[in-house]
Amino acid sequence: MNVASRFRTLPETGDRVQFTLDGAPASAPAGVTVAAALLAHSGAWTRQTVKGAPRTAYCMMGVCFDCLVEVDGTPNTQACMTLLREGMTVRRQTGLRDLNGGHCG
Amino acid sequence: MAEVDLIIIGAGPAGMSAAAFAARGGLQVLILDEQPHPGGQIYRNVAQNRSKRGFLGQAYAAGTDLVDALDHPHITLLTGATVWRLDKGPQVTWSRGAKSQTTSAAHVLLATGAQERPVPFPGWTLPGVMPAGAAQILMKTAGMLPKDAVLAGSGPLLYLIAAQMIDAGSPPQALVETQTFPQMLSATPHLPRALFGLPTLRKGLSLIAKIRKAAVPRYTAASGFHATTTESGNILFSFRANGRDQRLTCGLLLTHQGVIPGTHITRAAGIEHYWNAAQGAFQPEHDLWGATDQPGLHVAGDGAGIGGAEAAASAGELAGLNILCQSGRLSSDTRNQRAARARAALFRARAIRPFLDAAYPPPTDILAPSDNTIVCRCEEVSAGAIRQAIREGAQGHRQIKTSLRCGMGPCQGRMCDATLRGLLSEGKASQPISPPRARSPIKPIALGELAALSPPQEEPA
C-alpha cells in the first residue's frame, strides 16, 4: 500500500470524514465518494481479480465495476457510487466475488 | 393507472431540460438518477461547485441553470436511484438504498447519456491507467487534480481536460494524440457545416492555443500503446510516434477515444438500434422528437446518439414538448411553434459533429487490439482468446459470451461490447453485426432485494 496517490487534492476548506481501510485509519474531505477517498489516499490497488491482477477505480461513473470493495461488511459495493460516511469500514477485495458477503481470503 | 405523468431516467442535460419543460406544461414528473446529485457526467456536482473550482470553466458553470430549474413543485428528483428494469406499460423498476420498487407512468424518457469508449491496450487495467473523463469527474466532485499525468488518445474532451488541468495549476506532462494528418484532411469537407457551430469551433481552437502556450509537449499520429508499472508504482507508457518508439514515465495515464451512447436500457426496452458508422456506435432509432418504436418511450441526449451537452438539452426540450402534446396539454401546432427555437439550437449544436467524428476517429488498434490485450476486464478475457473463438466459428456477441464468459461479469458488457464488435468485424467490412442483447436486470442487484420486491401487476409481455 505504499504507492503515493496519483492525485493532488486541492486545499479546500471543509469538514473531513474519518474512515478505516483494511483496519488502518484514514480520512478524506466530506462529500466525496469512497472511490475518490481511496484514490486520494493511495495509488495502489483496491481489488484483486480472480487471477490476482491489481485493479482500482477506473470509470468513476458506475459503469466498469472495477472499484468493487467491501463497505461496512457488504462486499461488491461500487466505491464510485457510494458516498463516504463518518466511521465507514472499507476493505479491499481479493479473488472471486463472494455471494455470501465478507471479503474472500 | 399511471402514478405519475412522466418518469425521466437520467438527470443530465437532456433529462433536466425535458423535466423543466414538461413540469411547466403541467405534467407530474419523477426524475431518477444513479448519482448523488443532478447534472449528469458533464455537469457533475455543478450546483455544489457554484463558488469554487473555477478552472472547470464557463461552459461547465452554465449547467447550474438546468439544475436550478428542477426546483419546481411538479418535479420530484430522486438521486441514488438505479433503474434496473423497464416493462411495457411503461413501468420502471428501480433500486434506492438497497430497496427496489416499481412505478408506472404514461410516458418514460430515457436520458441515460453516454460512457467513454473503452480504450483497450496491453496494460489498460493497471492502477494508474484511467479514462480522462474519470479524472475529470474527480476534479469536479472531489477537487482532485491528476499529478504528473499523460493524456493519451484523441478528441475534443482531451483538449478540454488538458486546459482545465492547466488552469488548475496541474498541467499534463504530455499529450499523446492518435489522430493523423490524413484524418484531419478527410475531415475538412465537413468544415463548412461546422461553421454553423462557430462558437464551439472557436472554443476548441482556444483550448489548443492554451495547451500550446503552456508548452505541453504533443505527439500526434501515435499508435501501439503499451503500459507497465514501475517498482515505485508509476506507469511506464510506451507508444510509437514520429517514426520512433517513445517512452514516458508518469503517475497517471489518462486515455480517451470519445464517448458512445449507453444503450443497455434502450436495448433491454426492445427499441430498434442501428449502427452509426460515423460515430462507431449503436444507437436507438427515434424520430425528431425522440419518440421510439415502443409505446410511451422517448429517448433524448447522448444515449440517443452523441451530440454533446447543448444538443442534449435541446433534444430534451423537444421530447418534453412532444410528451406534452401526446398528453393533450399542447396542440401539435403549438408544439411545432414552440419547438422552433430548440430545433435551431439542436442543428447548431450538432453541426460540428461530422467534422469531429471524421477528425478524431478511434484508431484500429484500439477498436480491435493486439492479442495480448485484455478485452473483458471483469472476466479477464484476452483479444487473442476471442480471435481464437472467432476462428473456431463463434459468431456474434452471444456465442463469444457463452464460450468465453466475455461480457458475463458485473459490468454486463459495458467495457467490452464495443471492442468485441471491433474484433468480430475484422476483415468483414460488409457483414452487419447485430447489437448484443441486453436484459433485465440491466444493473446487478442483490437477490435479497429482488426477493423483497412485491410482484408487479401482471402485464402481458
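The sequence lines fix the lettering, A, B, ..., with proteins before strands; numbering per chain opens at 1. Computed over heavy atoms, backbone and side chain alike; hydrogens, waters and symmetry mates excluded.
Crowding of Arg50(B) atom CZ: a count of heavy atoms from other residues, nucleotides or ligands under 6.0 Å exceeding 12.
Within the 4.5 Å cutoff, the side chain of Gln173(B) has heavy atoms near those of the Cys250(B) side chain.
The greatest number of non-hydrogen atom pairs below 4.5 Å with chain A, out of Asn45(B), Thr229(B), Asn234(B), Ile137(B), is found for Ile137(B). Residue with the most contacts toward chain A among Gly80(B), Gly128(B), Ala168(B), Gly262(B): Gly128(B) (heavy-atom pairs, distance under 4.5 Å). Contacts with chain A were tallied for Gln136(B), Met139(B), Gln41(B), His264(B); Gln41(B) has the most, counting heavy-atom pairs under 4.5 Å. Contacts with chain B were tallied for Leu83(A), Thr49(A), Thr56(A); Thr49(A) has the most, counting heavy-atom pairs under 4.5 Å. If you tally non-hydrogen atom pairs under 4.5 Å between each of Ser5(A), Cys80(A), Gly43(A), Cys64(A) and chain B, the highest count goes to Cys64(A).
Relative orientation of the Trp124(B) and Tyr58(A) rings is perpendicular, given thresholds of 30° and 60° on the angle between their planes. Note: Phe225(B) and Phe237(B) have perpendicular aromatic rings, judged against thresholds of 30 and 60 degrees for the angle between ring planes.
Of the atoms belonging to Leu138(B), it is side-chain heavy atoms, and not backbone ones, that fall under 4.5 Å from chain A. No part of Ala446(B) comes within reach of chain A, as not one of its non-hydrogen atoms sits under 4.5 angstrom from that chain. Residue contact with chain B, scored on non-hydrogen atoms closer than 4.5 Å, involves the backbone of Ala57(A) exclusively. Met81(A) touches chain B through its side chain: at least one heavy atom from C-beta onward sits under 4.5 Å away, while N, CA, C and O do not. Residue contact with chain A, scored on non-hydrogen atoms closer than 4.5 Å, involves the backbone and the side chain of Glu380(B) alike. Proximity to chain A is absent for every atom of Thr230(B), based on heavy atoms less than 4.5 angstrom apart. Heavy atoms of Thr141(B) lying under 4.5 Å from chain A belong exclusively to its backbone. Proximity to chain A (any heavy atom under 4.5 Å) is shown, for Thr125(B), by both the backbone and the side chain. Using a 4.5 Å cut-off between heavy atoms, Pro54(A) touches chain B through backbone and side chain atoms alike.
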| Between Glu379(B) and Arg405(B), does a salt bridge (charged side-chain N to carboxylate O under 4.0 Å, His left out) hold up when you go through it step by step? | CA-CA 7 Å; Glu379(B) 299 291 331; Arg405(B) 295 190 58 84; 3.1 Å; yes
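Pro436(B) and Phe282(B) make their closest contact through CD-CE1, 4.4 Å (heavy atoms, listed as atom of the first residue, atom of the second, distance).
Using modelled atom types, no side-chain atom of Asp72(A) and backbone atom of Val90(A) make a donor-acceptor pair closer than 3.5 Å.
Side-chain polar atoms of Arg44(B) and Gln35(B) form a donor-acceptor pair below 3.5 angstrom. Residues Thr77(A) and Thr82(A) bring no donor and acceptor atom of their side chains to less than 3.5 Å of each other.
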